[in-house]
Amino acid sequence: MAESRSLSRVEALRLGPPDWKHACHALLYAPCPGRLFGKIPLRFAVLMQMRFDGRLGFPGGFVDPRDASLEEGLNRELHEELGPGATSLLVAERDYLSSHASERPQRVVAHFYAQRLSLEEFQTIEDRATQAKDHGLEVMGLVRVPLYTLRDGVGGLPAFLSNTFIGSAREQLVHALDTLQLVPGEQLQKAVTMAQKKP
Ligand code: AMP
Ligand code: MN
C-alpha cells in the first residue's frame, strides 16, 4: 500500500461503507528484563508477525459488517491469528492509539491499538501461536522487534525498520515506540534516520 494519512477516530468513523473498509490491528508488548549477550538491555518484548505476503505487520485484520464494534472485530482477528494463547486477551476502546486512511490498492481505514501484557502472558501467546487457525496461512510466524541499536549503528532496530511493512505498520510501530516510551526518543530518531540511509 502506498501513502496513508493520519486522521482522528471521529474523522475515521465518518468514512463508511460501501466506499471504505475498516481494519484493526494491535501492538502487544510486555516489559522484558533480559539482556542480549548478557549486556544489551532488551527493555520490552514487542510482537509483530511475518505475513503471508512476505511483509511485516501487526496481528489483526478487516472488521466484518457482522462484528458489533471495531474492537469486537479486532478481538476475533487476534484470536484467529494468535491462537489459544490469546483466548483471554481482550483489546478495548481504551487501548486505541491512531487511525490511518489509504486509497491504494483499495480504500482502507486502519485503526491501531496497543496493550501492555505481563511477560508471562506474552510468552503464552508465543508458545501456542503455531496452534492458531491462521498459522502457516495468513501468518507465517511471530517475531519480536529488536529495540536496541548495536555498536555498528545499523544492527537491531535500524535494520529491522529497513524491512518491508504492510500498510501503515511501520509508521504505527515508530509512533507507538515513541508514545509508549518503549525506546528513548533520541535513540528512536537515530534508528529511523539510519534506516532511511541504509542502501
Ligand atoms: P489483514 O487482513 O491483516 O491483511 O488487514 C486488512 C487490510 O489492512 C489489508 O488491506 C492490509 O493491507 C491492511 N493492513 C494490514 N496491516 C496493516 C497495518 N498494520 N496498518 C495498516 N493497514 C494494514
Ligand atoms: Mn491479518
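Ligands are counted one by one from 1 in listed order, and the atoms in each one are counted from 1 as well.
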Item to check | Option passing side-chain contact (heavy atoms from CB on, under 4.5 Å) with Ile166 (candidates Gln49, Arg51, His25) | outcome: Arg51

Checklist entry - Between Glu80 and Arg76, does at least one N-O distance fall below 4.0 Å, as a salt bridge requires? => result yes

Next on the checklist: Just to be sure I read this right, does ligand 1 sit under 4.0 Å from the backbone of Ala110, its side chain, both, or neither, counting only heavy atoms?
Outcome noted: side chain

Checklist entry - Hydrophobic cluster mates of Tyr113, side-chain heavy atoms under 4.5 angstrom, ILVMFWY only, any path? => result Leu13, Leu28, Leu47, Val63, Leu70, Leu74, Leu78, Leu82, Leu89, Val91, Tyr96, Leu117, Phe122, Ile125, Val139, Leu142

Checklist entry - Of the choices Arg51, Glu171, His111, which has the non-hydrogen atom that lies closest to atom 4 (O) of ligand 1? => result Arg51

Checklist entry - With a cut-off of 6.0 Å (strictly less than), are more than 12 heavy atoms of other residues, nucleotides or ligands near NE2 of His79? => result yes

Next on the checklist: To check you understand the geometry: which heavy-atom pair defines the closest contact between Glu81 and Glu138, and what is its length?
Outcome noted: OE2-OE1, 3.7 Å

Checklist entry - Among the protein atoms near the Mn ion (ligand 2), how many are N, O or S and lie under 2.8 Å away? => result 2

Item to check | Option set Phe165, Phe58, Phe52, Phe62, criterion heavy-atom distance to atom 9 (C) of ligand 1, minimum | outcome: Phe62

Checklist entry - If every non-hydrogen atom of Asp95 is compared with every non-hydrogen atom of Gln115, which pair is closest and at what distance? => result OD2-NE2, 3.0 Å

Next on the checklist: Counting only heavy atoms not in Gln181 (residues, nucleotides, ligands), do more than 12 fall under 6.0 Å from its CD?
Outcome noted: no

Item to check | Those atoms of ligand 1 less than 4.0 Å from some heavy atom in Gln106 | outcome: 10 (O)

Checklist entry - When you look for heavy atoms under 4.0 Å from ligand 1, do you find them on the side chain of Ser168, its backbone, both, or neither? => result both

Next on the checklist: Looking only at distances, can you tell me whether any N or O atom of Glu138, backbone or side chain, sits closer than 3.5 Å to an N or O atom of ligand 1?
Outcome noted: no

Next on the checklist: Going by side chain to side chain donor-acceptor pair (under 3.5 Å), name the residues that satisfy it together with Glu11, two or more places apart in sequence or in a different chain.
Outcome noted: Ser8

Checklist outcome for this item: Among His100, Glu77, Gln172, closest by heavy atom to atom 19 (N) of ligand 1 is Gln172

Checklist outcome for this item: Minimal heavy-atom distance between Ala12 and His111, with the atoms involved, is CB-CE1, 3.7 Å

Item to check | side chain to side chain donor-acceptor pair (under 3.5 Å) partners of Asp134, counting only residues at least two apart | outcome: none

Next on the checklist: Test your reading of the structure: does Gly60 have an N or O sitting under 3.5 Å from an N or O of ligand 1?
Outcome noted: yes

